[in-house]
Each structure stands twice: as structure tokens, then as C-alpha cells.
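Counting starts at 1 for both ligands and their atoms, in listed order. Each residue takes its place number in the sequence, starting with 1.
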Amino acid sequence: MEKCFIKLYKYSLHSIGMTKEMTVTPWEVEGEIDYERLIKEFGVSKIDEKLLARIKKHSKELHFMLKRGVFFAHRDMNWLLDEYEKGNKFFLYTGRGPSGKVHLGHIMPWLMTKWLQDTFDVELLFQMTDDEKFMFSDKLSLEETNKMAYENALDVIAMGFDPKKTKILVDTDNAGIMYKEACKVAKKITFSMVKSSFGLNEQSNIGEIFYTSMQAVPAFLPSILKKKNVPCLIPHAIDQDPHFRLTRDILPKLGHYKPASIQCLFLPPLTGVSGKMSSSADSEDSVIYTTDTPEDVKRKINKHAFSGGQPTFELQKKKGGNPDIDVSFQYLKMFFEPDDKKLEKIYKDYKSGKMMTGELKQILIDKINAFLKEHQKNREAAKKQIGNFLFK
Ligand code: TYM
């Protein structure tokens with residue numbers, strides 16, 4: 001059994017005189033996230049220099065999200081690379097719970113997935129969990145989550161995945177192939193395992209209790225289809241790890257490999273550097289959607305992006321700002337400024353007071369709008385391509 005399998009992922013952090021709570025489950029992320037603690041408690045491994053050097057051997061340049069520790073944890077990456085180097089190619093698997101519009105946080109693991117597909121020239125299976133979002137929502141109908149799956153698929157295709165090597169599965173529409181396999185997984189999972197992994201309880205509906213078996217299926221579906229074991233690598237943010245910890249426990253019992261994973265930090269909400277950007281947040285204004293207009297982006301950042309700057313122009317000039325708690329700087333570091341030299345200059349200028357908060361925000365607004373302009377153009381074009389991407 002994987003380390004720390006039986007755990008409720010709610011911790012109390014006691015530091016000098018104060019208690020901070022954090023909750024990290026696939027459906028709830030709250031409080032100040034202590035990633036070091038998550039590494040220990042989830043039993044994932046930190047991505048270290050040795051592993052980075054190994055990945056670099058296969059790529060011209062390491063992706064900046066790897067260099068900067070945005071992708072910070074993994075499971076079994078060394079095994080995956082051993083197999084790859086022996087000629088046993090892996091496939092990529094990632095997904096989306098289609099509960100609403102796609103936001104910038106969702107895009108982070110997809111950018112890494114795209115880089116991994118290009119770098120290792122591998123296939124991708126992308127899962128749309130319309131069943132999950134229906135089971136776990138009080139408000140959404142199955143028709144709505146199913147419709148949203150196809151809307152969100154446009155964002156996935158807009159990332160530029162190779163159409164010859166990428167397939168999108170929609171759980172309820174591909175149930176014919178998925179359900180059989182999910183049954184085999186479900187038979188190995190007890191209610192008590194689900195309770196302790198996800199915090200579900202007697203009040204949870206039985207669809208919620210069953211659901212994790214559906215998320216396990218794409219991790220071995222290519223092995224079933226190709227009639228031989230194929231290694232799997234799953235890029236995701238750390239909130240999804242409980243699903244895959246369970247999957248890793250079950251798959252060897254069914255004769256399959258354990259999936260490997262590569263895990264990222266959360267892109268924070270606009271309103272603060274902790275927690276995660278999430279559509280279920282109190283205010284729509286703390287989230288940037290892929291469909292936002294340039295005006296939306298400008299308004300949201302100028303009005304809501306938490307600033308590490310000083311309250312007045314004079315104080316900022318004199319004392320400088322704090323980029324480490326500044327959301328705009330963090331977005332540049334985690335997502336929008338790949339150039340290390342440019343990022344360092346922004347860091348120094350902001351910290352020394354040479355750069356004002358307004359200027360920093362403007363850099364970010366321009367970057368996000370340039371990204372969204374391209375993304376929205378690709379998203380429009382995806383409407384004609386979607387048929388090629390759907391799993392049949
Ligand atoms: P979902 O739709 O909640 O999230 C999709 C992907 O985005 C990641 N994510 C984030 N990453 C960085 N910053 C954020 N603020 C942020 N918010 C979400 C999630 O970790 C996820 O990788 N059950 C899943 C769907 C799914 C899946 C998968 C995800 C099915 N199979 C395999 C990853 C891998 C879900 O509801 O994801």
C-alpha cells in the first residue's frame with residue numbers, strides 16, 4: 001500500500017501562536033498551502049536537480065516551469081525515464097472536470113503536457129469527467145456538464161496538441177469502453193478506502209463514491225487497447241494526487257503498471273498568493289477565464305490583483321515592493337514570463353522601488369492579453385477540428 005494512504009487531508013499547522021488550516025482534496029483547496037508538508041504527507045517525491053538533469057538530456061531546453069519549481073513533485077519519474085530510455089515509450093494522460101469555463105490555472109498542467117508531448121513525441125489521452133462534475137455538484141445537470149465537456153475541449157485543442165497523437169475521452173459518451181474497466185477498478189476499492197482518501201462519508205451519494213474508478217481508467221486504457229502494458233505519465237496540480245495514489249494502489253492488482261505523475265503548484269487566485277485560482281471562488285473577479293476580453297483582464301488585474309507594493313508612490317520609490325507576495329509578479333514567474341533575465345530584472349526593479357505597482361500590473365496585463373488573443377483564435381479554429389480529437 002502506498003505511503004500515507006489512509007489519511008484525511010486536513011491539517012492544522014501550529015506555528016508560534018497561530019493556527020493555520022489547509023485543506024487539499026480534489027474538490028476543495030483552502031487555506032495557506034504548505035507544499036513541503038504536502039510532499040511529506042502525500043508521499044510524493046520532490047523534483048530535484050538530478051531528475052531535472054535527466055529530463056534535460058531529452059530536451060533542448062528545460063521548460064521554465066520545471067526550472068522554477070512550478071512543477072515541484074512527482075511519482076516514479078525515474079522509472080518512467082528508465083523505461084523510455086529502454087525504448088518503452090509512455091503515453092500522457094490528463095483531464096478536466098467540465099463544471100464551467102476554463103481558467104488560467106487549468107491551463108498550467110496543459111502547457112506542461114504540451115511540452116512533454118513535443119519533447120518525447122508521445123500520445124495523449126485527455127479525460128473530460130462530465131460524470132464527476134454532475135455527481136459532485138448541487139446545481140449542474142448531466143446535460144450541462146456534458147455540454148461543457150465539449151466547450152472545454154476547445155480550450156484543450158487550442159493548446160496545440162498533436163491531432164494525430166491526441167484523443168479526448170468524454171466519460172458518459174465513452175462509457176461503452178470505460179465502464180467495463182471502471183468496474184474492475186471499483187471491485188478493488190472499498191467504501192472505507194474512499195472515505196479515508198477523499199473525506200467522503202455516509203451522506204455522499206454513491207456516484208461520488210464510485211467516481212474515482214472512472215478517473216483511474218485512462219491510466220491503463222491504452223494497455224488494454226494495445227494488449228500490452230504501456231507506461232503512463234500524468235501531469236496535474238497536486239490536488240488530484242489522492243485519485244492517483246489510489247489508482248497506483250489498485251492497478252498492479254489488475255496486472256498493470258502504476259502510473260507516474262508530475263505535479264504542479266496552484267496558480268493562486270488574483271486576490272492572494274495562497275490557495276488556488278478556482279471558479280467556485282466567491283468572486284468571479286479573482287479568476288481569469290480563457291474567454292475573457294482584454295478589458296476584463298485589465299479591470300480584474302488593476303482592481304483585484306493582490307499587490308506587494310507600498311500604499312503610495314513615494315513610499316514605493318523609497319522602500320520598494322515585495323514581489324514574493326505580489327500576485328502579478330507570481331503570475332509572471334509561474335506562467336507568463338519565460339525569460340529568466342527579464343523576470344530577474346522585474347524582480348529587482350520592483351523590490352528596489354524603481355518599478356511601480358501600476359507598471360508591474362501593466363506588464364502582466366499585456367502578457368495575459370497576448371496569450372489570450374492567440375488562445376482565443378486557436379479556440380475558434382478548434383470548432384472545426386474537434387471531430388478529429390474525439391475518442392471513437
Ligand atoms: P479540474 O477541472 O479541477 O482541473 C483541471 C486541471 O487543472 C489543475 N488545476 C490547477 N492547476 C494549477 N492552478 C490552479 N489554480 C488549478 N486549478 C486546477 C488540476 O489539478 C487539473 O490537473 N477530476 C479532474 C479531472 C481529471 C484529471 C485527470 C485531472 C480527470 N482525469 C487526470 C488531471 C489528470 C478535475 O476535476 O480537474
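- Seen from the ring of Phe126, Arg96 does not count as a face-on cation partner, given the 6.0 Å and 45° thresholds.
- With no hydrogens or angles considered, a side-chain donor-acceptor pair links Asp130 and Thr172 at under 3.5 Å.
- At least one cation-pi condition fails for Lys367 and Phe336: the charged atom is not both under 6.0 angstrom from the six-membered ring centre and inside a 45 degree cone around its axis.
- Cation-pi geometry between Lys373 and Phe371 is not met: the NZ or CZ atom fails to fall both under 6.0 Å from the ring centre and inside 45° of the normal.
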Would Glu359 and Tyr350 count as a side chain to side chain contact (heavy atoms under 4.5 Å, CB included) if you check the C-alpha gap in whole Å, the side-chain angles of each, and the deciding distance to 0.1 Å?
-> CA-CA 9 Å; Glu359 288 172 77; Tyr350 192 59; over 6 Å; no

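- Residue Lys228 qualifies as open at atom NZ: its count of foreign heavy atoms under 6.0 Å is 12 or below.
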Could you pull out the N/O contacts under 3.5 angstrom between ligand 1 and the surrounding protein atoms?
unit_1: ligand 1; atom_1: 2 (O); unit_2: Arg96; atom_2: NH1; d: 2.7
unit_1: ligand 1; atom_1: 2 (O); unit_2: Gly97; atom_2: N; d: 2.8
unit_1: ligand 1; atom_1: 11 (N); unit_2: Gly105; atom_2: O; d: 3.1
unit_1: ligand 1; atom_1: 13 (N); unit_2: Leu267; atom_2: N; d: 2.8
unit_1: ligand 1; atom_1: 15 (N); unit_2: Leu267; atom_2: O; d: 3.1
unit_1: ligand 1; atom_1: 15 (N); unit_2: Met277; atom_2: N; d: 3.2
unit_1: ligand 1; atom_1: 15 (N); unit_2: Met277; atom_2: O; d: 3.1
unit_1: ligand 1; atom_1: 20 (O); unit_2: Ala237; atom_2: N; d: 3.0
unit_1: ligand 1; atom_1: 20 (O); unit_2: Asp239; atom_2: OD1; d: 2.7
unit_1: ligand 1; atom_1: 23 (N); unit_2: Glu132; atom_2: OE1; d: 2.7
unit_1: ligand 1; atom_1: 23 (N); unit_2: Glu132; atom_2: OE2; d: 3.2
unit_1: ligand 1; atom_1: 23 (N); unit_2: Gln215; atom_2: OE1; d: 2.9
unit_1: ligand 1; atom_1: 23 (N); unit_2: Gln240; atom_2: OE1; d: 3.1
unit_1: ligand 1; atom_1: 31 (N); unit_2: Tyr93; atom_2: OH; d: 2.8
unit_1: ligand 1; atom_1: 31 (N); unit_2: Gln127; atom_2: OE1; d: 2.9
unit_1: ligand 1; atom_1: 36 (O); unit_2: Gly97; atom_2: N; d: 3.4
unit_1: ligand 1; atom_1: 36 (O); unit_2: Glu132; atom_2: OE1; d: 3.3

